[in-house]
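In this chain, residues are counted from 1 in sequence order.
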Amino acid sequence: SERSWQLSAGSELRRDRHGSGWRSLRATLCCLQLFVTAGCGTSGRLADPGITPDSAQGQIQRFLDNRISRLKAGDVEGYLAGLEPQAEAVERPFATGALSVPLEGLTLTLDKGSIRGGADAFRGVRVDLGYRYAGLPEDNAFRVGFDYDMVPVGDGWRVTTSTVRAGSSQPVWATGPIETQRSEHFLALHRPALSDPSRIMDEAEQARSQLDGKITFPLENSYLLVIAKDEAEYASMSSATLGPVSAIAQVETSYEVTPDSIKVLSRQMVINDRKLHEDGAALETFRHELGHLGVAQYTRPFTPAWVSESAAMYLAGTRPTSIWRQGLRQGKFDGITIDRLTQASNLGEHGSSKEGASLEYAYSAAAAWYLVESFGPEKYWEFYRSYATVPPAELYELLPERTSSPQSEQAIEALAVAKTGASLQGMFGLNTAALDTGVRDWMSKQL
């Protein structure tokens, strides 16, 4: 049977095994939570003895294909035909919203493994709505999972209930009215009340031009930008927020892991317009988040947060000298080491204070600047990309299939630690203790 995991950065990690149901785990690997879709199996006999699970799979997929062809043609009511009132109420916002944004590659795909047993109804049928945004890279695919209860009706099928699957991020165009803006390198989605979207687009383009060339590999031609006007919209338009900078902006991605590949999907940036312009650092914020997007294809679920954040801060040009000075003079960096940061799921998780998080971000920034200035940017990016050389099967086998466990958490952490140690040694001839010494000496010289 085929299995795959999907990790939404900042939200959830999901693995699928045909016939076993979706499972999702928090990306914060120190506290894994398991959610199993209930009711995937059925028992008894079908009302029509001619329908078997195998024949039902083909019939249901044809039913879904007909529905999605109607939506592609702009026929919302045709897409909703065959849904009872509860299911129609759930899916109407998706159908109407999909026509308000430039989507392509629309699909409704049945997880055949969720059709099991025999009965007069199938429960827990898993269906994915897949889509892409026109003009964005074809590999930047998005999907929303639905769980259906279905019954055969005559020669067709009827969806009696529809539920958005736990862990699926609902697109902003399915949760309210949406407008779009395009610039040379961005597609932006925002609510109609946003006051000056062109200003934000101009800032994003300016930040991208500043970033282009600082990465020693090309940026993607187009990125998705979701713009919230304030904190309330940001909370509703973004996934779970992690870290002290998440109230301003964050990049969201998902990972699909199979034994043969690791795909980085659903790449987007979410911006809080009000926070973005509070301190005059809009361009730096854009450079930071674009930095995350720029290296997203080489980032992995086990890439330590200090590595990914150090790269974004280097690309943004962030040099927190005041924090470096205070941290060194008052001994506040004494408890911060590369070893400890490598074992952390997120920067700042070891303490509840904003100061603690700021110190870890600042230390990570210093690590990037030290490595770049000591060994050159190309060697630094080679180090960053080294995490993407881990064979997919190695990660795949570490991900728990049925239940989360301390052993699986420890295995992921061990992979991060082992890969970091090997890459530091292979790229720079450093172990983690030597890197700490180099970072602290470099900070002292800057001050």
Side-chain angles (χ1 to χ4, degrees), residues 14 16 21-22 24 35 37-42 46-48 51 53 55-116 119-133 141-180 189 191-192 236-237 266:
R14 302 185 300 194
D16 181 46
W22 279 102
S24 59
F35 302 91
T37 302
C40 293
T42 57
L46 292 168
D48 180 354
I51 300 178
S55 64
Q57 292 172 5
Q59 293 175 18
I60 291 174
Q61 185 58 64
R62 286 190 291 274
F63 167 73
L64 298 175
D65 290 342
N66 179 64
R67 290 183 60 207
I68 203 66
S69 66
R70 298 288 186 90
L71 185 59
K72 290 178 180 179
D75 181 3
V76 170
E77 299 309 318
Y79 175 78
L80 298 174
L83 276 63
E84 291 193 359
Q86 184 279 340
E88 180 183 326
V90 170
E91 295 200 33
R92 183 173 290 277
F94 289 89
T96 56
L99 300 183
S100 68
V101 289
L103 298 184
E104 58 186 19
L106 283 165
T107 58
L108 271 179
T109 306
L110 169 69
D111 178 352
K112 295 180 179 180
S114 63
I115 305 296
R116 301 172 61 193
D120 56 0
F122 287 115
R123 302 186 184 279
V125 176
R126 298 193 300 276
V127 173
D128 285 339
L129 172 65
Y131 60 94
R132 303 190 308 272
Y133 291 93
F142 295 74
R143 67 184 178 191
V144 180
F146 294 95
D147 292 328
Y148 285 173
D149 289 347
M150 304 183 69
V151 295
V153 178
D155 294 332
W157 290 85
R158 191 156 188 84
V159 179
T160 57
T161 64
S162 174
T163 306
V164 178
R165 192 174 307 136
S168 281
S169 296
Q170 297 192 45
V172 294
W173 42 262
T175 59
I178 209 73
E179 293 182 354
T180 64
L189 309 180
R191 302 295 183 211
S236 67
M237 298 171 84
S266 55

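Residue Leu71 comes nearest to Leu99 through the heavy atom pair O-CD2, 3.7 Å, listed as atom of the first residue, atom of the second, then distance. For the pair Pro192 and Pro177, the tightest heavy-atom approach, listed with the atom from each and the gap, is CD-O, 3.5 Å. Counting all heavy atoms, side chain and backbone alike, Thr180 lies closest to Ser100 at CG2-O, 4.3 Å. Among all heavy-atom pairs drawn from Val76 and Ala95, the shortest one is CG1-CB, 3.9 Å. The shortest non-hydrogen separation linking Ala56 to Phe122 is CB-CE1, 3.7 Å. In this structure, Asn66 and Ser69 approach most closely via the heavy-atom pair O-OG, 2.7 Å.
To the nearest 0.5 Å, atoms CG (Leu64) and CD (Gln59) are separated by 12.0 Å. Note: Glu91 CD to Leu83 CG = 5.0 Å, rounded to the nearest 0.5 Å. In this structure, Asp111 CG and Arg165 CZ are separated by 7.5 Å, a value rounded to the nearest 0.5 Å. Rounding to the nearest 0.5 angstrom, the gap separating the CG atom in Leu129 from the OH atom in Tyr79 is 5.0 Å. Here the straight-line distance linking atom CZ of Phe142 with atom CG of Leu103 works out to 10.0 Å at 0.5 Å rounding. Between Ile115 atom CD1 and Lys112 atom NZ the span is 10.5 Å, to the nearest 0.5 Å.
For the pair Leu110 and Val125, the minimum side-chain heavy-atom distance is below 4.5 Å. Contact of the Thr161 side chain with the Tyr148 side chain is not registered, since no non-hydrogen atoms from C-beta on lie closer than 4.5 Å.
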(request) Take Val164 and Val90, measure what side chain to side chain contact (heavy atoms under 4.5 Å, CB included) needs, and give me the verdict at the end. (result) CA-CA 8 Å; Val164 178; Val90 170; 4.3 Å; yes

(request) Could you walk me through whether Glu84 and Val159 pass side chain to side chain contact (heavy atoms under 4.5 Å, CB included), step by step? (result) CA-CA 6 Å; Glu84 291 193 359; Val159 179; over 6 Å; no

(request) Give the intermediate values and the outcome of side chain to side chain contact (heavy atoms under 4.5 Å, CB included) for residues Phe63 and Leu108. (result) CA-CA 10 Å; Phe63 167 73; Leu108 271 179; over 6 Å; no

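With hydrogens and angles disregarded, a donor-acceptor distance shorter than 3.5 Å links the side chain of Thr160 to the backbone of Asp149. Of the possible donor and acceptor atoms, none in the side chain of Gln61 sits under 3.5 Å from a partner among the backbone N and O of Thr109. The main-chain N or O of Val172 is found under 3.5 Å from a side-chain atom of Arg191 such that the two form a donor-acceptor pair.
Salt-bridge check for Lys72 with Glu104: failed, with every basic side-chain N at 4.0 Å or more from each acidic carboxylate O.
Ring geometry for Phe94 versus Trp173: interplanar angle over 60°, hence perpendicular rather than tilted (30 to 60°).
Residues Thr175 and Gln170 bring no donor and acceptor atom of their side chains to less than 3.5 Å of each other.
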